[in-house]
Enquirer: 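The structure that follows is given in the form of structure tokens.
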Amino acid sequence: MSDCHKCGKTNMSEEVTIGDCRLILGDCREVLPTLPMVDAVIVDPPYSKRCHAGHDSVAGVASSRVLGYSALSPAGVADLAAEYAMLCRGWIVWMTDSELALAVRRALESVGRYAFAPLPFYQPGRSVRLSGDGPCSWTDWIVVARTKAQSKWGTLPGGYVAGPGWNDKARMGGKPTHLMRALVSDYSRPGDLVLDTHMGAGTTGVACALEGRRFIGVENDRDAFDIACERIDNAYRQGQMFPSGPIHKQEQGALI
């Protein structure tokens, strides 16, 4: 059974602890200055304005209402990169789209990190261009950056390809559990403290629970926060049913 209890509520945020996961309902801009140092940041912030526009509903509802958050600007990228660099002693793993990938890489380099070329996450069949005017969007991009301390970390995959069972997103904009387990395994060690400032439905927290990491997640949308709490609690309850160790060696689709 998991240890799940509410840890109090203030005007700024509400906290819930589930096992080794600390979940915070609030604005990450207000929460970040209060957090301790972490071993890794694995995060999926909002994407570019162009990407968000593509999520508009058929009825014409603005994407910020459909997704629950606004697009991220290059200035916002720079602000987040600076915050992450101050808090994180290890890898920063940042999921984004093609529009912002270069801005993310440059922002992380500007705060003293060694940033690698963006890694593809390829999920065939994920979307269809109903207008029939060109290629579908099947790829997200992952920018990873390290400090000198991670220079002997070891060789890591050059990308990730979705396999069977990867269509388990809990809400629009979410990521597959298999992907997040692979990233958590590849870019942190057992027992490490992982931060996700845009937790959404909590998939990174689920991955940390299953892979033996500690976790801090921040989310400003109440509905998504409640889903995250339930999913992470379930992950602890069912954790012994899943194998430990790097998921990309066991269940992942082909690696690039």
Side-chain angles (χ1 to χ4, degrees), residues 28 40-55 63 67 69-85 88 90-111 113-129 134-146 150 153 155-163 166-169 171-188 194-201 203-204 207 247-248 252-256:
C28 72
V41 171
I42 301 177
V43 66
D44 184 24
Y47 287 6
S48 67
K49 182 177 180 180
R50 180 173 183 176
C51 179
H52 279 238
H55 284 286
S63 61
L67 293 168
Y69 45 76
S70 300
L72 190 62
S73 67
V77 167
D79 290 342
L80 280 178
E83 294 278 4
Y84 295 156
C88 182
W91 287 96
I92 297 172
V93 180
W94 188 323
M95 280 163 279
T96 188
D97 61 13
S98 60
E99 294 289 311
L100 284 181
L102 182 57
V104 170
R105 184 180 185 183
R106 287 175 172 169
L108 291 173
E109 290 174 338
S110 74
V111 294
R113 299 299 172 113
Y114 184 91
F116 292 80
L119 307 174
F121 166 53
Y122 179 63
Q123 191 167 13
R126 181 183 65 180
S127 65
V128 176
R129 288 190 67 84
C136 303
S137 177
W138 290 356
T139 306
D140 291 320
W141 297 94
I142 307 167
V143 181
V144 300
R146 60 163 173 80
Q150 287 80 48
W153 191 267
T155 301
L156 294 166
Y160 301 86
V161 179
W166 286 52
N167 294 319
D168 66 341
K169 295 191 299 184
R171 95 194 260 268
M172 183 181 290
K175 296 296 180 290
T177 303
H178 287 324
L179 173 65
M180 302 317 301
R181 289 188 69 181
L183 293 175
V184 165
S185 293
D186 288 339
Y187 292 96
S188 67
V194 176
L195 170 65
D196 184 353
T197 57
H198 296 75
M199 177 174 63
T203 308
T204 305
I247 191 68
H248 66 77
Q252 188 176 323
L255 297 178
I256 293 175

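The first residue of the sequence shown is numbered 1, and numbering continues consecutively from there. If you're wondering where the values come from, they're calculated on a predicted model, not measured in any experiment. Values below: every heavy atom of this structure, side chains too, minus hydrogens, waters and symmetry copies.
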Enquirer: Any chance you could measure Met95, atom CE, to Thr204, atom OG1, to the nearest 0.5 Å?
Expert: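 So the gap between those two atoms works out to 5.5 Å.
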Enquirer: Going by heavy atoms in the side chains, are Lys175 and Asp140 under 4.5 Å from each other?
Expert: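 Answer yes - side chains close enough.
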Enquirer: Nearest heavy-atom pair of Val77 and Ala103: which atoms, and what distance?
Expert: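 In terms of heavy atoms, the two residues are closest at CG1-O, 3.8 Å.
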Enquirer: Hey, are the side chains of Leu183 and Met180 touching, using non-hydrogen atoms and a 4.5 Å cut-off?
Expert: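 Leu183 vs Met180: side chains touch.
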Enquirer: When rounded to the nearest 0.5 angstrom, what is the spacing between CG in Leu80 and CG in Leu72?
Expert: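 That separation rounds to 6.0 Å.
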Enquirer: Measure the CG-CH2 distance between Asp97 and Trp141 for me, rounded to the nearest 0.5 Å.
Expert: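 Rounded to the nearest 0.5 Å, the CG-CH2 separation comes to 11.0 Å.
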Enquirer: Is Ile142 close to Tyr187 at the side-chain level, that is, under 4.5 Å between some pair of heavy atoms?
Expert: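 Sidechains of Ile142 and Tyr187: no contact.
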Enquirer: Which pair of non-hydrogen atoms, one from Trp138 and one from Gly125, has the smallest distance, and what is that distance?
Expert: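 Heavy atoms of Trp138 and Gly125 come nearest at CE2-N, 3.1 Å.
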Enquirer: Any side-chain heavy atom of Asp196 within less than 4.5 Å of one from Ile42?
Expert: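 The answer is no, as the side chains (C-beta and beyond) never meet within the 4.5 Å cut-off.
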Enquirer: Nearest heavy-atom pair of Ala115 and Arg105: which atoms, and what distance?
Expert: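 Heavy atoms of Ala115 and Arg105 come nearest at O-NE, 3.4 Å.
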Enquirer: Could you label the plane-to-plane angle of the Trp94 and Tyr84 rings as parallel, tilted or perpendicular, counting under 30° as parallel and over 60° as perpendicular?
Expert: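 Rings of Trp94 and Tyr84: perpendicular, over 60°.
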Enquirer: Evaluate side-chain contact (heavy atoms from CB on, under 4.5 Å) for Val144 paired with Val93, printing each intermediate quantity in order.
Expert: CA-CA 5 Å; Val144 300; Val93 180; 4.0 Å; yes
Enquirer: How far does CZ of Arg126 sit from OG of Ser137, to the nearest 0.5 angstrom?
Expert: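 Reported value, rounded in 0.5 Å steps: 4.5 Å.
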Enquirer: To the nearest 0.5 Å, what is the distance between OH (Tyr160) and CD (Gln123)?
Expert: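 Interatomic distance, Tyr160 OH to Gln123 CD, rounded to 0.5 Å: 15.0 Å.
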Enquirer: What are the two closest non-hydrogen atoms of Ser48 and Leu100, and how far apart are they?
Expert: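 Closest approach of Ser48 to Leu100, heavy atoms only: N-CD1, 3.6 Å.
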Enquirer: Looking only at non-hydrogen atoms, find the nearest pair between Pro120 and Gly158 and report the distance.
Expert: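 So the two residues come closest at CD-O, 3.4 Å.
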Enquirer: First locate atom CG of Asp44, then atom OG1 of Thr203, and finally report the distance between them rounded to the nearest 0.5 Å.
Expert: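 Atom-to-atom, Asp44:CG and Thr203:OG1 are 9.0 Å apart.
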Enquirer: With heavy-atom distances below 4.5 Å as the criterion, would you say the side chains of Val143 and Arg113 are in contact?
Expert: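 Heavy-atom side-chain distance check fails, nothing below 4.5 Å.
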Enquirer: Would you name the heavy atoms of Pro45 and Tyr47 that are closest together and state the gap between them?
Expert: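 Distance-wise, the nearest heavy atoms are O-CD1, 3.3 Å.
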